[in-house]
There are 2 protein chains.
Amino acid sequence: MPSDAIRAALIERLRLSSAIADEDIKEIEALPISVRHYPAETAVVRDGERATDCCLIADGFCARSKTIANGKRQILSLHIPGEIPDLMSLFLHVMDHDLSTLTPATLGFISHETLQKLHRRRPGIAELFWRDTLIDAAMFREWIVNVGQRPAPARLAHVMIELRERLRVIGRVDGGNFEMPLTQEQIGEALGITAVHANRVIRQLRQEGIVELNRGRVTVLDERKFQELADFDDRYLHQSPTL
Amino acid sequence: MPSDAIRAALIERLRLSSAIADEDIKEIEALPISVRHYPAETAVVRDGERATDCCLIADGFCARSKTIANGKRQILSLHIPGEIPDLMSLFLHVMDHDLSTLTPATLGFISHETLQKLHRRRPGIAELFWRDTLIDAAMFREWIVNVGQRPAPARLAHVMIELRERLRVIGRVDGGNFEMPLTQEQIGEALGITAVHANRVIRQLRQEGIVELNRGRVTVLDERKFQELADFDDRYLHQSPTL
DNA sequence: GCCCGGTTCCAACAAAAGTTAAGGACGCGA
DNA sequence: TCGCGTCCTTAACTTTTGTTGGAACCGGGC
């Protein structure tokens, strides 16, 4: 993938949640990006490491996670093309969590130095990126609610719909059908349940004719029931630049 | 409380996690702040509302929370004097959660307009505040892990130690003794468990001689066991400006 | 084709957490 | 001082989730 296409994905996504000045777009288009390919299930940056670049997902899925003393892992967020999952490292230099690929992925790296300079030159872009990190935080808040208050089937439905609504924006939803390339183990880690229970929940939703999950693809069977179960309100994604 | 003291608390806290230029301190000291008093258990800003100011806690405890369709509430974070719990509203104008007082509180309001202008004039301050919102997000990540992966007793211990380490910075810890002014109902909402179960867990920790919780005060009985249970690593608080 | 490792799937049992219900402590205001 | 409301406390019972262990499936490499 040419690095132009990468930039385009970023701009398209930013545009969705913020209004951007034309000159700022030109600046973003001129950003030096170095592209690297990763296999599936590979660490990009690890908890405790000091980051010097931010990475823009050009292709593939990534996830952020933390592992605690007893070895259990919690997935904190899923990330799709056009996103910068470790933008926070710009000011929180030493990582407090892991960022890794779920699928084979193409990532574009932009150095912190370049970004810092750009921000000083164009405060509008700084605000754009700042807002992006704030939306990131808003998603964490909803994730807390999901894990803390919803029963397991609703948790799964909610994560699915969040992912779908974000994929929709980048044109990756085909009817009631979209990608969610996680193993049941990983789904458990995302929902705060065990893999065995994740399997039970998936089976239950399939048996109830709500949603089907098969080899990393989600197929919605009954949209009404699905939405009702998920209790999803997209406001927290802040996808509208209208404020 | 005079509004000077409020500013001092903010600066002291920011200083702890970032290096600040002297002129920037002067700017912050010159910020116009309007002070207001709130009773306990009162909403400051509500989910869905459009905020025009950010609020700085001068005195008292606050909490952020979200309430879902079935009426269950999840507490997302606790806030103490010197913090700006709704800084995110600067760029995410319509609130996606509630901010309310836990105790009677004194809050200082700073208008978004003032802050925006200040940021354009002094990018260093913008970065300071940006970093502050990133630490906020780091705390949400840890909260997800807490609710998602730790058994209930460890969750409680972890929230307690997080609160203690933050209170310590503002000189509010007296030996093994600090304030945590939540009802058991609220503790349950913070940990993602019911009030009944929260009570069970509190009792258990008391019986095991680990920690005592009495009328909003925490008394640590066995520091070693307490830390071991909590599995607490303060890195995510990013309290050191050394990066 | 066949083996191999990682998934998926499932059942039986154990543990953790939710629900319901009710008594007791405590502070506050009439 | 009494009465009321809020919070705390506890018990008994139910439901959800975790644990263990194993079988079936699937894709890739030999």
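Throughout, a chain's letter reflects where its sequence line sits, starting with A, and its residues are numbered from 1. The figures that follow rest on heavy atoms only: side chains count, while hydrogens, waters and symmetry mates do not.
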Check ion pair [X]-[Y] (N to O, under 4.0 angstrom):
X	Y	value
R235(B)	E142(B)	no
E165(B)	R168(B)	yes
R64(B)	D136(B)	yes

*Classify the nucleic acid contact of G192(B) as base, sugar-phosphate or nothing, counting any heavy atom under 4.0 Å across all strands shown.*
sugar-phosphate
*Would you mind classifying the nucleic acid contact of A195(B) as base, sugar-phosphate or nothing, using non-hydrogen atoms under 4.0 angstrom?*
nothing
*asked:* Given the structure, check if the side chain of R215(B) and the base of dG27(C) hold any donor-acceptor pair shorter than 3.5 Å.
replied: no
*Just compare dC8(D), dA11(D), dA17(C) and give me whichever is closest to any side-chain atom of H197(B).*
dA17(C)
*Where the side chain of R155(B) is concerned, which of dG18(C), dA17(C), dT19(D) is the nearest nucleotide?*
dA17(C)
*asked:* By nearest heavy atom, map R150(A) and V196(B) onto DNA chain D; which one lands nearer the 5' end?
replied: V196(B)
_Nearest heavy atom decides the nucleotide; on that basis, is I193(A) or T183(B) closer to the 5' end of DNA chain D?_
T183(B)
*Would you check if the side chain of S89(A) reaches a backbone N or O of L87(A) as a donor-acceptor pair within less than 3.5 Å?*
no
_Presence of N199(B) side-chain N/O under 4.0 Å of dC8(D) phosphate oxygens OP1/OP2_ = no
*OP1 or OP2 of dT9(D) under 4.0 Å from side-chain N/O of R200(B)*: no
